[in-house]
Amino acid sequence: MLTVRVSPTEVQIDAMVYTFADADTADRFFMADTRGGAQAILYELRAIRSRPIDCDHELGRFPE
């Protein structure tokens, strides 16, 4: 899985960007996802929104 920090409050996992209320929660989500496990799912539920990436404009896009 591709995991990229997009901004202080956003984390991209594969083709989705998750936005969090604060950088601390985004940090925890990023670390939990890179380690794997159920903890990442708990932090994913704390996201205030999620959206698919725009492959033409965003960092971390999939290679063509």
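What's counted below: heavy atoms across the whole structure, side chains too, no hydrogens, waters or symmetry copies. The first residue in the sequence is number 1, and the count goes up from there. These numbers come from a predicted model, not from an experiment.
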Within this structure, what is the CD-CZ distance for the pair Gln12 and Arg51, rounded to the nearest 0.5 Å? 8.5 Å
Applying a strict under-4.5 Å side-chain criterion to I, L, V, M, F, W and Y, I'd like to know whether Met16 and Phe20 cluster together. yes
Partner set under side-chain hydrogen bond (donor to acceptor under 3.5 Å, both in side chains) for Ser50, not counting sequence neighbours: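 Checked Ser50 against side-chain hydrogen bond (donor to acceptor under 3.5 Å, both in side chains); zero matches.
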Which atom pairs, one a donor and one an acceptor, fall under 3.5 Å between side chains of residues 24-32 and the rest of the protein, sequence neighbours left out?
unit_1 : atom_1 : unit_2 : atom_2 : d
Thr25  : OG1    : Asp22  : OD1    : 2.9
Asp27  : OD1    : Arg5   : NH1    : 2.6
Asp27  : OD1    : Arg5   : NH2    : 2.9

